[in-house]
Structures are given as C-alpha cells and as structure tokens.
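Atoms within each ligand, like the ligands themselves, are counted from 1 in listed order.
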Amino acid sequence: MPAADGALVLFSGGQDSAACLAWALERFSSVETIGFDYGQRHRIELDVREDLRRTFAALRGDWAARLGEDHMVPLAALGAISETSLTREAAFGMAKEGLPDSFVPGRNLIFLTFAAAVAYRRGLRHIVTGVCETDFSGYPDCRDDTIKALQVALNLGMEKRFVLHTPLMWIDKAATWALTEEIGGAALVEAIRVGTHTCYAGDRSVLHEWGYGCGRCPACELRAAGHARWRAEAVTEGPSA
Ligand code: ZN
C-alpha cells in the first residue's frame, strides 16, 4: 500500500534518477518529476525524459495512475557561471582540487532548493534524489551529511516537513541494477538500459550491453563497470528463489 503523501523525483533521464523514479512509484500514491535545463552538453539526457516517463507508465497500470506532472525548470544561470566540461567543450580530467572537471559547484544544493520550492507549491512532502556517496568521485554536494543538512535548512527556511530521500546513497552501480530488477524485473531493467542516458559525450549511436554511450567518458566507464559487476554477481549467486 503506497504512502498517501506525494513525492517529487529529481529526474534527469539518467540511470540513477530513473531507478529513483521506479523506487518512488512503488512507494507513493502520487509522483511528480522535475528536471533542470542549464545548457548541459548532454542535452540528450533531457530529451529522453519524456520517453522514459511514457515507458514507465506503459510498464505498469498502477504506475501510470500514480505518475503525475513533469516540471522542467530553466537554470541557464547555472550554466553561465560554471566553467566545467558539462557545459563547455573542455577536456575531461581531474581539476587540481581533486574533483572531476565535470563538477558544477553546489549543483545539487541548487537543484534540491528549486525542487523544494516546487514541492511546496505542489503540496508534495517527499523529495527523491539519486545522489550517491559510494561509487563516484566525491562530489561534496552528493554526500549524506550535505543532504541531511539541506533537509534541515529547507524545512526551517520554508517552514515545512519535507523528507529528502536518497535510495542510492549507500549502494554502488551494480547494486542499483539489482535494485532496479528487484523493483520491476527484467522489463524495468531493459527500459532503463535502453531508455536512459548518462554519457557525457551525448553519444547514442551504439547500444552496448549496459546501454547507449561513447564507452570512453567517465560516466560510460562507471556505468559499464557497474553493469558488468552486476551481471557477474548475478551469475555467481544464481537465480534468486
Ligand atoms: Zn560516454
């Protein structure tokens, strides 16, 4: 029985946010999505969002009934102030601070603050985001403490009782695939494999075992490695009873 409260899912069209959308559709009676357009180079991620929402609704009748509006927030200012490879044709690599140069400082703080403002106006109590400490490059705005501190700040600043959910916080990419299979079986895995986009280069020319992408950028490498590990673990463990 899903919770009567509504949820807002930060939905970029990537693998993690798609897994979060499925997670939320299992739990909440009404689920809306929000995306941000800040001129990212992988604009394709935004373009796949509507297709994914349609695919999810087609997978399950109860999900179709729960899936509500999509909100697209233009954040051109974020693109304008950032100097990173996501928004400029810069080489990938690590900045001297040890952060990937795809890093947009404080991006998730801004996204979650806008999400809370939309959730407030839509009467939605739960905010779901696919940030993760486990697998990635140490983005400080993806850390558990950051999210918990922001939940406190948003609740104080908006006089609300929002709950920020991070279902992927402590699991790696292999476990995200496993979670996807647990929620929606092979059909959901396939919808996410084919329908989501995470490649920094915006390449959708080749469908790999792990999905579309250039296969060389950090996002593709992470996604491919996670998928391979998940397959290997599934073989080791055998089919679940
Ligand atoms: Zn790529």
Query raised in the report: Can we say Glu69 and Arg122 salt-bridge, meaning some charged N sits less than 4.0 Å from an Asp/Glu carboxylate O?
Result: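 Yes, this pair counts.
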
Sequence neighbours left out, cut at 3.5 Å: what donor-acceptor pairs do the side chains of residues 178-188 make with other protein atoms?
residue: Thr180; atom: OG1; partner: Thr176; partner atom: O; Å: 2.8

Query raised in the report: Using a distance-only test with no angle check, is there a side-chain donor-acceptor pair under 3.5 angstrom linking His71 and Glu32?
Result: yes

Requested in this report: Check side-chain contact (heavy atoms from CB on, under 4.5 Å) between Asp62 and all other residues, then give those that pass, not counting sequence neighbours.
Outcome: Arg60, Arg66

Report summary line: Sorted by chain and residue number, the side-chain contact (heavy atoms from CB on, under 4.5 Å) partners of Val194 (sequence neighbours excluded) come out as Glu190, Leu207, Tyr212

Query raised in the report: How are the rings of Trp230 and Trp177 set to each other: parallel, tilted or perpendicular (split at 30° and 60°)?
Result: parallel

Query raised in the report: Protein N/O/S atoms under 2.8 Å of the Zn ion (ligand 1)?
Result: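 Short answer, with waters excluded from the count: Cys199 SG, Cys214 SG, Cys217 SG, Cys220 SG.
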
